[in-house]
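Residues: numbered from 1 along the sequence shown. Values below: every heavy atom of this structure, side chains too, minus hydrogens, waters and symmetry copies. Order of appearance sets the numbers: ligands from 1, and atoms from 1 within every ligand.
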Amino acid sequence: MSDATHSAHSSLDQRDTETVLRTDNVTKRFGGLTAVDDVTIEVHKGEIVGLIGPNGAGKSTLFNCITGTLSADDGRIYLQDQDVTDWPEHKIARAGIGRMFQETRIFDEMSVRKNLLLAAQEGNANIGHLLRRPDNSLISRSEELLEYVDLGGLAETRAGQLSFGQQKLTEFIMELMAEPELLLMDEPAGGINPSMLENLIEYIRAANEDEQATIFLIEHNMDFVMEVADRIYVLAHGERIAEGTPDEIQNN
Ligand code: ADP
Ligand code: MG
């Protein structure tokens, strides 16, 4: 396995592929703790990239720096060719980053469909936008996505009544509503039962293939990440210690 940034063994030829996300020597400290230590990673258009490593390795902190939830102490972050390092979170979201969190962000009291329509408008989250009637293209997009994950029959159900796995699928398609350039997923498989997990893998693959969604995901479940990712980065103690295809990572 090679840890060179331009690994000849990667599944995609990185020199010929558009870079959607690049972190350039990003460091984030919390007091005396260096949670993310000089990390350089790239995600190319159309890839599914995994980020793995033990608990406390700095995976979620790296995501927080990318989304502008935290500001990096050092290094630069690029989205496509734009330097977004010091941009506020809402501006980065509007630039095309979707994020699925570990904890659920669904409004329990609202219908599944209403959650989807709100998610699509989130980038413009002021009251005027939220009160405005969603346009037909958003409504048809919500229909299409609900069908796609087999939740069409539950569109009018209160989201709080869905199973945990169904809520995860709902959050996944909520993020797809806005057709993000890049979707970050923090442990999407967490707490999901095995049969729902197979569905989630299938839907992530389909979103990647049919919608050209570029996906960067943190995952604990090794079977899941080995099956779904084109390429994997490994973090430990905040440092990037390896990069490669699932086979290369597994054989290391
Ligand atoms: P991972 O997602 O890989 O499990 P995290 O990024 O959540 O790891 O955490 C990396 C390290 O940074 C851990 O030691 C964690 O305790 C610490 N940490 C994370 N967030 C904060 C914070 N807001 N304040 C202080 N320490 C934090
Ligand atoms: Mg985490």
Enquirer: Which atom pair, heavy atoms only, marks the closest approach of E42 to H44?
Expert: OE1-NE2, 2.9 Å
Enquirer: For ligand 1, which is the ligand I care about here, please tell me if F30 has any N or O atom under 3.5 Å from one of the ligand's N or O atoms.
Expert: no
Enquirer: Would you mind listing every salt bridge (Lys or Arg N to Asp or Glu O under 4.0 Å) that reaches into residues 83-93, with sequence neighbours excluded?
Expert: R76-D83, R76-D86
Enquirer: Under 3.5 Å, side chain of T214 to main-chain N/O of G46, donor-acceptor pair present?
Expert: yes
Enquirer: Relative to atom 12 (O) of ligand 1, which among A35, G238, G58 owns the nearest non-hydrogen atom?
Expert: A35
Enquirer: Group every Ile, Leu, Val, Met, Phe, Trp and Tyr by side-chain heavy-atom contacts under 4.5 Å, then state whether L70 and M185 land in the same group.
Expert: no
Enquirer: Can a protein heavy atom be found under 4.0 Å away from atom 16 (O) of ligand 1?
Expert: no
Enquirer: Would you mind checking which non-hydrogen protein atom is closest to atom 7 (O) of ligand 1, with the distance to 0.1 Å?
Expert: S60 CB, 3.9 Å
Enquirer: Tell me: protein heavy atom nearest atom 10 (C) of ligand 1, and distance?
Expert: G56 O, 3.3 Å
Enquirer: With clusters defined by side-chain heavy atoms of hydrophobic residues (ILVMFWY) lying less than 4.5 Å apart, directly or transitively, does V26 cluster with L33?
Expert: no
Enquirer: So, do F216 and L21 sit near enough that their side-chain heavy atoms are less than 4.5 Å apart?
Expert: yes
Enquirer: Counting from 1, what ligand 1 atoms have a heavy atom of T61 closer than 4.0 Å?
Expert: 5 (P), 6 (O), 9 (O), 10 (C), 19 (C)
Enquirer: Any N/O of L33 closer than 3.5 Å to an N/O of ligand 1?
Expert: no
Enquirer: Output the distance between atom CD (E219) and atom CD1 (I52), rounded to the nearest 0.5 Å.
Expert: 10.5 Å
Enquirer: Run the numbers for me: atoms of ligand 1, each under 4.0 Å from some heavy atom of A57, listed by number.
Expert: 1 (P), 3 (O), 8 (O)
Enquirer: First locate atom CD1 of I41, then atom CD of E243, and finally report the distance between them rounded to the nearest 0.5 Å.
Expert: 10.0 Å
Enquirer: Is a donor from one side chain sitting under 3.5 angstrom from an acceptor on the other, for N64 and R99?
Expert: yes
Enquirer: How many protein N, O or S atoms are found at a distance of less than 2.8 Å from the Mg ion (ligand 2)?
Expert: 1
Enquirer: Tell me whether R22 forms a cation-pi arrangement with Y78, defined as NZ or CZ under 6.0 Å from the six-membered ring centre and within 45 degrees of its axis.
Expert: yes
Enquirer: List every atom of ligand 1 that sits less than 4.0 Å from any heavy atom of N55, numbering the atoms from 1 in the order shown and giving each element.
Expert: 4 (O)
